[in-house]
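All heavy atoms count here, side chains included; hydrogens, waters and symmetry mates do not. Counting starts at 1 for both ligands and their atoms, following the listed order.
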Amino acid sequence: SGPMTVGELAKSLKKEPSEVIKKLMMLGIMATINQEVDMDAITLIAEEYGIEVEHKVEVDETQFELIEEQDDPALLKERPPVVTVMGHVDHGKTTLLDTIRHTNVTAQEAGGITQHIGAYQIDYEQKKITFLDTPGHEAFTTMRARGAQVTDIAIIVVAADDGVMPQTREAINHAQAAKVPIIVAINKMDKPEANPEKVKQELMELNLVPEEWGGDTIFVPISALKGEGLDELMEMVLLVAEMEELKANPDRLATGTVIEAELDRGKGPVATVLVQNGTLRVGDPIVVGNTYGRVRAMTNDKGRRIKEAGPSTPVEITGLQDVPQAGDQFKVFEDEKKARAIGEARAEKQKQEERAATSRVNLDELFQQI
Ligand code: GTP
Ligand code: MG
């Protein structure tokens, strides 16, 4: 258990409170019988009596995103890397993924601008790779940050004719803050005005130094439009992924993160989630952020209905009571009652926090008026 009062500590040690107070004083801690002592003090006192303290912190189950669940290493299996493509607007991120996937998402985008996070999985040389496409427009900082947080590897796309731009810098900052390895793709190499040396110079200033200049950042010149250099880029992704030794336990209840969510008129709340550990199945009782439900239907990135999704798989799910927030964590529970109880408790807690925030604001306003 966590902190306790001096009285409680004495009781659990079967000692007189006065004796414990004395011991505490000798350790330089002044405390009365009703005062709380922290875990460090408890441990010190227990040691004085030759008792070993079990550090058992009771985790509030509603706080599941704080639980670092440990998997038996023997149960861990290799999982596909999650690769986030980031960079300045129009530098060719979506085109890169279109060419890799033989699709044409770019053409369908309003104004050719990506406004959400796209999640895809591809097969490359018998390996699966999950890609997240992020927007480069300056308005979408949170999406870039979120993309960097759930990823294993960041591909920073820099157009060779344009060079390092504000959102290139921002994307690099997010990746570095998330301690994610970076691969630089110098794009639009087919353009006559392409100047890859200039891009390298500019990135040097951001501590991304190419291997040929004595650094350890991988640079791959590509043309997303013409499909040039993409094999090398994919090889590099797999190489970095291999070094990261990415593993998960597919044989457990799923946990992961919401990539995006919305209310669909026909389907109700719909969430695109990334399974990060375990396997998500249709019918699973699930808590997602401050809402809950039972996975009613699952659709993969190709629009196909699937029954289960393992680690690193992006899927769209329906069956939630409410629309969660992008960035929310999810967790599957064994029984629906528990999922419901936890979901409701979290929703209630959120309401209370919102109320507290409003009353604080009101107090501030009041003081301003006086
Ligand atoms: P945002 O998502 O809005 O940040 O843009 P983006 O980075 O996804 O860029 P997108 O893929 O939409 O490409 C922007 C423009 O650059 C399009 O007109 C593409 O055809 C063009 N483009 C992308 N890659 C290349 C390339 O390798 N060579 C040339 N010449 N043009 C490219
Ligand atoms: Mg795009």
Side-chain angles (χ1 to χ4, degrees), residues 82-122 129-151 153-175 180 182-200 202-203 206 208 218-237 259-260 262 272 274 301-302 314 326:
V82 178
V83 182
T84 299
V85 182
M86 295 197 285
H88 196 73
V89 69
D90 271 354
H91 279 201
K93 300 174 288 296
T94 306
T95 305
L96 168 63
L97 291 181
D98 274 344
T99 306
I100 292 172
R101 297 167 57 236
H102 312 290
T103 52
N104 202 349
V105 173
T106 315
Q108 298 151 23
E109 289 177 334
I113 282 186
T114 304
Q115 310 203 27
H116 72 125
I117 299 186
Y120 316 101
Q121 198 171 62
I122 63 138
I129 305 174
T130 299
F131 281 104
L132 300 181
D133 183 17
T134 63
H137 190 281
E138 59 180 332
F140 303 114
T141 301
T142 21
M143 284 193 220
R144 282 186 289 274
R146 200 176 299 133
Q149 279 150 15
V150 295
T151 203
I153 300 168
I155 294 182
I156 305 287
V157 175
V158 189
D161 59 336
D162 205 20
V164 170
M165 288 287 150
Q167 273 60 56
T168 316
R169 286 198 189 86
E170 194 207 291
I172 291 167
N173 285 339
H174 290 311
V180 173
I182 290 172
I183 296 173
V184 178
I186 307 184
N187 190 31
K188 308 200 184 183
M189 287 296 289
D190 58 288
K191 285 201 161 186
E193 57 276 42
N195 190 349
E197 294 308 304
K198 181 171 159 264
V199 174
K200 286 182 194 169
E202 290 167 342
L203 287 173
L206 304 173
L208 295 179
I218 299 169
F219 282 69
V220 187
I222 63 165
S223 166
L225 199 63
K226 304 252 191 267
E228 285 156 17
L230 301 195
D231 276 326
E232 201 196 335
L233 181 62
M234 302 292 273
E235 296 296 338
M236 290 303 152
V237 166
I259 304 295
E260 50 190 9
E262 59 171 20
T272 302
L274 177 69
D301 60 322
K302 280 125 200 144

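For ligand 1, the atoms sitting less than 4.0 Å from at least one non-hydrogen atom of Ile113 are 3 (O), numbered in the order shown with element in parentheses. In the vicinity of Gly112, heavy-atom distances shorter than 4.0 Å reach the ligand 1 atoms 3 (O), 12 (O). Which parts of ligand 1 touch Val89 is read off a 4.0 Å heavy-atom cut-off, strictly below it: atoms 3 (O), 4 (O). Ligand-side atoms of ligand 1 in range of Ser223: 27 (O), range being under 4.0 angstrom from any heavy atom. Near His91, meaning under 4.0 Å from any of its heavy atoms, are these atoms of ligand 1: 7 (O), 9 (O).
Closest heavy-atom approach to atom 24 (N) of ligand 1 among the candidates Thr94, Asn187, Asp190: Asn187. Here the shortest heavy-atom distance to atom 6 (P) of ligand 1, taken over Lys191, Lys188, Lys93, belongs to Lys93.
With contacts defined as side-chain heavy-atom distances shorter than 4.5 Å, the pair Gln167/Met86 does not qualify. At a threshold of 4.5 Å between non-hydrogen side-chain atoms, the residues Thr168 and Ile156 count as touching.
Of all protein heavy atoms, the one lying nearest to atom 2 (O) of ligand 1 is Thr114 OG1, 2.7 Å. For atom 5 (O) of ligand 1, the nearest non-hydrogen atom of the protein is Asp90 N, 3.0 Å. Nearest to atom 31 (N) of ligand 1 among the protein's heavy atoms is Leu225 CD2, 3.7 Å. Atom 17 (C) of ligand 1 has as its closest protein heavy atom Thr95 OG1, 4.5 Å.
With rounding to the nearest 0.5 Å, the separation of CD1 in Ile218 from CD in Glu232 is 9.5 Å. For the atom pair CD (Glu193) and CG (Asp162), the distance works out to 10.0 Å, reported to the nearest 0.5 Å. If you take CG on Asn187 and CD on Glu228, they are separated by 10.5 Å, rounding to the nearest 0.5 Å. For the atom pair Leu96 CG and Ile222 CD1, the distance stands at 4.5 Å (nearest 0.5 Å).
Of the candidates Thr134, Thr114, Asn104, Thr94 forms a side-chain hydrogen bond (donor to acceptor under 3.5 Å, both in side chains) with just one, namely Thr114.
An N or O contact shorter than 3.5 Å links Ala224 to ligand 1 by distance. The distance criterion of under 3.5 Å between nitrogen or oxygen atoms is met by Gly136 with respect to ligand 1.
For the pair Pro196 and Met189, the tightest heavy-atom approach, listed with the atom from each and the gap, is CG-CE, 3.7 Å. A pairwise comparison of heavy atoms in Pro166 and His88 identifies CD-CE1, 3.7 Å as the closest pair.
Counting heavy atoms closer than 4.0 Å to ligand 1, residue Thr106 contributes side-chain atoms (C-beta onward) but none from N, CA, C or O.
The pair Asp161-Lys191 meets the salt-bridge criterion, with a side-chain N (NZ, NE, NH1 or NH2) lying under 4.0 Å from an Asp/Glu carboxylate O.
For the Mg ion (ligand 2), the set of nearby N, O or S atoms under 2.8 Å includes one belonging to Thr114. The nearest N, O or S atom of Thr94 is closer to the Mg ion (ligand 2) than 2.8 Å.
Heavy atoms of Gly87 come nearer than 4.0 angstrom to ligand 1 in no pair at all.
Inspection of the Thr130 and Gln121 side chains reveals an N or O donor paired with an N or O acceptor under 3.5 Å.
Under the 4.0 Å distance rule, the nearest protein heavy atom to atom 8 (O) of ligand 1 falls inside the cut-off.
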